[in-house]
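Notes follow the structure.
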Amino acid sequence: MKKNKVFVACDTTNINKIKKIINETQSSKLKVGYKFGLEFLNSKNGRTFVSRIKNKTVFADLKLHDIPNTCASAIKAIKDLKVDYLTMHISSGLDALRAAKKVSGKIKLIGVTILTSLDNKALREIGFNKDVKKIVLDQAKLANKAKLDAIVCSAQEVKIVKKVFKKEIITPGIRFSSNTNDQKRTLTPKEAYRNGADWLVIGRDITKGNIKKNVEKLIDHLNQ
Ligand code: C5P
């Protein structure tokens, strides 16, 4: 049977905590990759640590959001890390997406749609007046046009994205505990896979508290 795929979000600056997360999330029942974001990659030793990881699926969640030249230059600058996946905001625009794709080479370029921490009210506050689902659909069309390799979206929008984007779909905002923290558009792991997500991104529900127990809890939840 195909294993469920999960990226564990390694959101800390503490190298020992990262090592613990990696050790304690090894499982024969899941395919686990590791996501390093702005917090770890901007920390003093984070970049070097990531450059030395071997035999793991590594995702650099840089969330680039800039003009075409800067996005392309940033991708060239991070290439030595040999990560498998890298994110950029689709709202950087089609030219920036194309410029990034032109230089990304073997790295899978992931387009990030509207953040899972935003709801319609928060979107209106920043001047986006369309419904979140409509914006995400437009963004997925753009990602398809720019030939991106994957999309990050809320698990609530996977079915919409799938209509126009046929490659990998990665969903953060996943909760199997009752604490949603700062996330607004959440679903459970089971619901996310059922909707068609290829990979889930899970941070705090795995990394806070007893990591091994949390992984067991996730596996139990998926088997129920
Ligand atoms: O702890 P939690 O499971 O909420 O972590 C989610 C992770 O996914 C964080 O590292 C966050 O930066 C990332 N992410 C997200 N929403 C997006 C894109 C990435 O939560 N739209």
Side-chain angles (χ1 to χ4, degrees), residues 4-14 17-18 21-22 24-25 30 32-43 46 50 57-65 83-92 108-120 122-123 126 128 132-133 135-140 142-143 148-158 160-161 165 168-193 195 197-211 214-215 217-218 221-222:
N4 288 124
K5 295 188 280 192
V6 176
F7 279 116
V8 177
C10 302
D11 292 328
T12 170
T13 56
N14 183 330
K17 178 78 199 269
I18 300 272
I21 292 173
I22 294 176
E24 297 189 354
T25 51
L30 298 170
V32 181
Y34 296 91
K35 183 179 90 70
F36 301 95
L38 294 172
E39 184 176 355
F40 191 62
L41 288 171
N42 282 306
S43 67
V50 173
T57 307
V58 176
F59 171 162
D61 195 9
L62 280 189
K63 292 204 181 69
L64 300 175
H65 191 191
V83 298
D84 301 285
Y85 292 81
L86 176 93
T87 48
M88 89 179 266
H89 279 285
I90 295 173
S91 55
S92 304
K108 287 189 179 177
L109 190 61
I110 311 171
V112 178
T113 59
I114 298 293
L115 295 171
T116 44
S117 55
L118 300 173
D119 56 13
N120 277 321
L123 283 177
I126 53 172
F128 292 179
V132 63
K133 292 193 163 45
I135 303 175
V136 171
L137 176 66
D138 287 345
Q139 291 183 325
L142 222 52
L148 300 194
D149 303 289
I151 276 192
V152 159
C153 65
S154 155
Q156 297 184 9
E157 286 122 35
V158 172
I160 295 169
V161 168
F165 188 85
E168 279 179 290
I169 300 186
I170 304 169
T171 60
I174 299 297
R175 287 293 179 274
F176 52 99
S177 72
S178 53
N179 190 349
T180 55
N181 310 106
D182 50 357
Q183 299 283 15
K184 296 269 170 53
R185 301 188 339 274
T186 63
L187 279 184
T188 67
K190 247 183 151 166
E191 290 168 327
Y193 287 127
N195 283 353
D198 297 292
W199 283 90
L200 311 189
V201 171
I202 308 180
R204 287 161 286 189
D205 267 11
I206 288 181
T207 59
K208 298 286 173 223
N210 186 322
I211 298 172
N214 293 340
V215 173
K217 200 172 145 194
L218 169 64
H221 159 84
L222 289 170

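No hydrogens, no waters, no symmetry mates; every other heavy atom, side chains included, goes into these values. Everything numeric in this text was worked out from a predicted model, so none of it was measured. Counting convention: from 1, in listed order, for ligands and their atoms alike.
Residues D119 and K184 come closest through the heavy atom pair OD2-CD, 3.5 Å.
Of the protein's non-hydrogen atoms, the one nearest atom 20 (O) of ligand 1 is Q183 NE2, 2.8 Å. The protein heavy atom nearest to atom 3 (O) of ligand 1 is G203 N, 2.8 Å. What sits closest to atom 9 (C) of ligand 1 on the protein, heavy atoms only, is D11 OD2, 3.3 Å. The closest protein non-hydrogen atom to atom 12 (O) of ligand 1 is K63 NZ, 3.4 Å. Regarding atom 17 (C) of ligand 1, its nearest protein heavy-atom neighbour is P172 CG, 3.4 Å.
Under the 4.5 Å side-chain criterion, counting only non-hydrogen atoms from C-beta, R175 is in contact with N181. In this structure, H89 and L115 have side chains that are in contact, with non-hydrogen atoms separated by less than 4.5 Å. Side-chain contact between Y193 and L222 is present, with at least one heavy-atom pair separated by less than 4.5 Å. Side-chain atoms of T116 and T186, non-hydrogen and from C-beta on, never get closer than 4.5 Å to each other. Considering only heavy atoms from C-beta on, I114 comes within 4.5 Å of Q139 through its side chain.
A donor-acceptor pair is defined here as one N or O able to donate and one able to accept, closer than 3.5 Å; such a pair exists between the side chain of N120 and the backbone of V132. Between the side chain of D205 and the backbone N or O of F176 there is at least one donor-acceptor pair closer than 3.5 Å.
Under a 4.0 Å criterion applied to the non-hydrogen atoms of V201, ligand 1 contributes the atoms 7 (C), 8 (O). Within the listing of ligand 1, atoms 1 (O), 2 (P), 3 (O), 4 (O) sit less than 4.0 angstrom from a heavy atom of R204. Less than 4.0 angstrom separates some heavy atom of V152 from each of these atoms of ligand 1: 18 (C), 21 (N). Taking every heavy atom of A9 and a limit of under 4.0 angstrom, the matching atoms of ligand 1 come to 7 (C), 10 (O). For ligand 1, the atoms closer than 4.0 angstrom to any heavy atom of L115 are 17 (C), 21 (N).
At a 4.0 Å heavy-atom cut-off, ligand 1 touches T116 through backbone and side chain alike. When heavy-atom distances to ligand 1 are checked against a 4.0 Å cut-off, D61 comes that close only through its side chain, counted from C-beta outward.
For the ligand labelled ligand 1, residue K35 lies inside the 4.0 Å heavy-atom shell. The closest approach between D205 and ligand 1 stays at or above 4.0 Å for every heavy atom of the residue. Note on ligand 1: N181 sits outside its first shell, no heavy atom being nearer than 4.0 Å.
Below 30°, between 30° and 60°, or above 60°: for F7 and W199 the angle between ring planes is below 30°, a parallel geometry.
With sequence neighbours excluded, the residues that form a side chain to side chain donor-acceptor pair (under 3.5 Å) with E191 are T188.
Residue contacts with ligand 1: R175 is placed with a nitrogen or oxygen under 3.5 Å of a nitrogen or oxygen of the ligand (distance criterion only).
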